[in-house]
2 protein chains.
Amino acid sequence: MILDERRHNILQTIETQGFVSLQSLVELVGASESTIRRDLEYLDRIGQIRRTRGGASFTGDSLTGFDERRGQATAEKQAVARVAAGLIQPGEAVLLDGGTTTLEVARQLVGRALHVVTNSLPIVNLLANQPEIELIQIGGYLFPKTGVALGPLAVSALSQIHVRRLFMSVGGITEQGLFNTNTLLVETERQMMLSAEEVVVVTDSSKLGHSALAHLCPLQKVHQLVVDQGITDEWRKILEDAGVKVLVAS
Amino acid sequence: MILDERRHNILQTIETQGFVSLQSLVELVGASESTIRRDLEYLDRIGQIRRTRGGASFTGDSLTGFDERRGQATAEKQAVARVAAGLIQPGEAVLLDGGTTTLEVARQLVGRALHVVTNSLPIVNLLANQPEIELIQIGGYLFPKTGVALGPLAVSALSQIHVRRLFMSVGGITEQGLFNTNTLLVETERQMMLSAEEVVVVTDSSKLGHSALAHLCPLQKVHQLVVDQGITDEWRKILEDAGVKVLVAS
DNA sequence: CACTTTCAATCAAAACCTGTCAAATATTTC
DNA sequence: GAAATATTTGACAGGTTTTGATTGAAAGTG
């Protein structure tokens, strides 16, 4: 098994199981302990997982994230979130997708008078009981681990609402457009795009050039994209040529 | 099982059960007493639980802020919840209304293979990530304080689903029927009743004879009612004459 | 007060991690 | 195509963390 394939395998296992021991990974992929250790170290460094003693755990926005993991929202993500939140006018209605970056955006909204619509359980928990915010929750099948409501019920609910701006996260961006990890999710996000006047993608630069399982839409459908400083001039040009307004957070 | 996973397990158990004895944790995770003690000490130090003699109880900044009333879950409510949960068959689809008693019912469902539909944020937080439970969340305008989704979006979502049993809470019960405190809530609950084959009301006896702002439905629409021992013979007769099957929890 | 249960402290054993190195494999260069 | 170079891999030594057992003290119980 080649390097890339193996790491992909490992990542997927961790994502689906939440926790995986080093030993079980050794058995699963048939490589030595040392190799798996190095893979885990790499995946940790790029922020996809978190190494723990004896194995690794998924670092995605696990809603039960119990320790300091939450503090792992990197400075980049926070910078992106600040810029994104700055786009919002007082009293506006915004739609927030699930994801760690949009969760940071939500954090920036506390105390502002807004209408917020979201299908993300972590965001709902964050904003519930904020007196200034009128919160509309999108229901549906609650996807485990990430706590995002998806599926027909979510799509149907979204079709009944209309907002000024959508803040969306993605799994990957290529010249072919946006991608995400899950077809149910993509379906729901398509309806989100239909319900918003303006589509704002929030992402970190590591997603640029990477694909993912499910194709969401071409670049042309995106109005604005907020990204950290890591973006290359090349990518900036690709995006702007497709009509996307690029905002770099610093 | 790796360290992180074990502590996560422990925390989740404590979070859903409220209190757990050290012995039961030893059995649950299959580690030694010493190890569990150390884990509890750690979780206590980071402020997620409080150690008590013989075990630990949950204190954490609970994901929400809705269940301050947890301690108030009286023995009567728990008894009612146990009886109510006993009605549910394996694999069934149930709809849970918001409310403290229904939250206790939800607590009884942990570990059972069920489809659960609910508009209550505290219940969603409780059951999210329970692997055996398929969770469908009803969205809508999120009512502050109680964390229940209401309004047109909720009604519309409910109209698209169908379940075997509805567990409903009420604000008051008189001979005229059921009452609740809020017209939006009543509207949503009416749709819930349409989506369920059987309507089960869970309540404590103090609600009997008391009215509330909004009339929900006549007694005849209720199939079963679970109540604590405080119910009088007189009330029992009134309910049974209206065709309600009364279950008294002891 | 006697008895039982729970707790904290200690310690050796086991599990795990880091860093290093040589062998194996892939990539580049000529 | 062969040699040179770079990367990846597996093994191992030495150090650190975690674990389970034990013991005496402390806290609850009748």
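Nothing here was measured: the structure is a model prediction, and the numbers come from that model. In what follows, chains are A, B, ... by sequence order, proteins preceding strands, each numbered from 1.
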Interatomic distance, [X] [atom1] vs [N] [atom2] [rounded to whole Å]:
| X | N | atom1 | atom2 | answer |
| --- | --- | --- | --- | --- |
| Ile36(A) | dA15(C) | CD1 | C1' | 17 Å |
| Leu25(A) | dC17(C) | CG | P | 11 Å |
| Arg50(B) | dC7(C) | CZ | C1' | 18 Å |

Tell me whether Thr13(A) contacts the main-chain N or O of Asn9(A) through its side chain, where contact means a donor paired with an acceptor under 3.5 Å.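 Flag set: sc Thr13(A) to bb Asn9(A) pair under 3.5 Å.
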Side-chain (Thr16(A)) to main-chain (Gln12(A)) donor-acceptor, under 3.5 angstrom: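 Yes, Thr16(A) side chain to Gln12(A) backbone: donor-acceptor pair under 3.5 Å.
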Side-chain donor-acceptor pair present, [X], [Y], cut-off under 3.5 Å:
| X | Y | answer |
| --- | --- | --- |
| Gln108(B) | Gln78(B) | no |
| Thr102(B) | Asp97(B) | no |
| Gln229(A) | Glu76(A) | no |

Can you list the steps and then say if Gln224(A) with Val244(A) is a side chain to side chain contact (heavy atoms under 4.5 Å, CB included)? CA-CA 5 Å; Gln224(A) 303 201 45; Val244(A) 180; 5.7 Å; no
5'-most by nearest nucleotide on DNA chain C - Glu33(A) or Arg38(A): Glu33(A)
Pairs under 3.5 Å (N/O, protein and nucleotides 3-6 of chain C):
unit_1	atom_1	unit_2	atom_2	d
dT5(C)	O2	Arg53(B)	NH2	3.4
dT6(C)	O4'	Arg53(B)	NH2	3.3
dT6(C)	O3'	Gly54(B)	N	3.2

Criterion side-chain contact (heavy atoms from CB on, under 4.5 Å) against Val80(B), the qualifying member of Thr101(B), Thr203(B), Val105(B):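 Exactly one option meets the side-chain contact (heavy atoms from CB on, under 4.5 Å) with Val80(B), and it is Thr101(B).
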Working note: Gln48(A) + Glu15(A), criterion side chain to side chain donor-acceptor pair (under 3.5 Å); need CA distance, chi angles, decisive distance, verdict. CA-CA 9 Å; Gln48(A) 299 277 38; Glu15(A) 270 184 23; 5.9 Å; no
Would Arg50(B) and Phe58(B) count as a cation-pi pair here, with the cationic atom under 6.0 angstrom from the ring centre and within 45° of the axis?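 No, Arg50(B) does not lie over the aromatic ring of Phe58(B).
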Does any residue of residues 2-9 of chain A have a heavy atom under 4.0 Å from DNA chain D, and if so, which ones, in number order?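 Per residue number, the list reads Leu3(A), Arg6(A).
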For DNA chain D, which nucleotides open and close the run of contacts to chain A, 5' to 3', at under 4.0 angstrom from a non-hydrogen atom? dT8(D) to dT18(D)
Should the heavy atoms of other residues, nucleotides or ligands under 6.0 Å from OH of Tyr42(A) be counted, would the total exceed 12? no
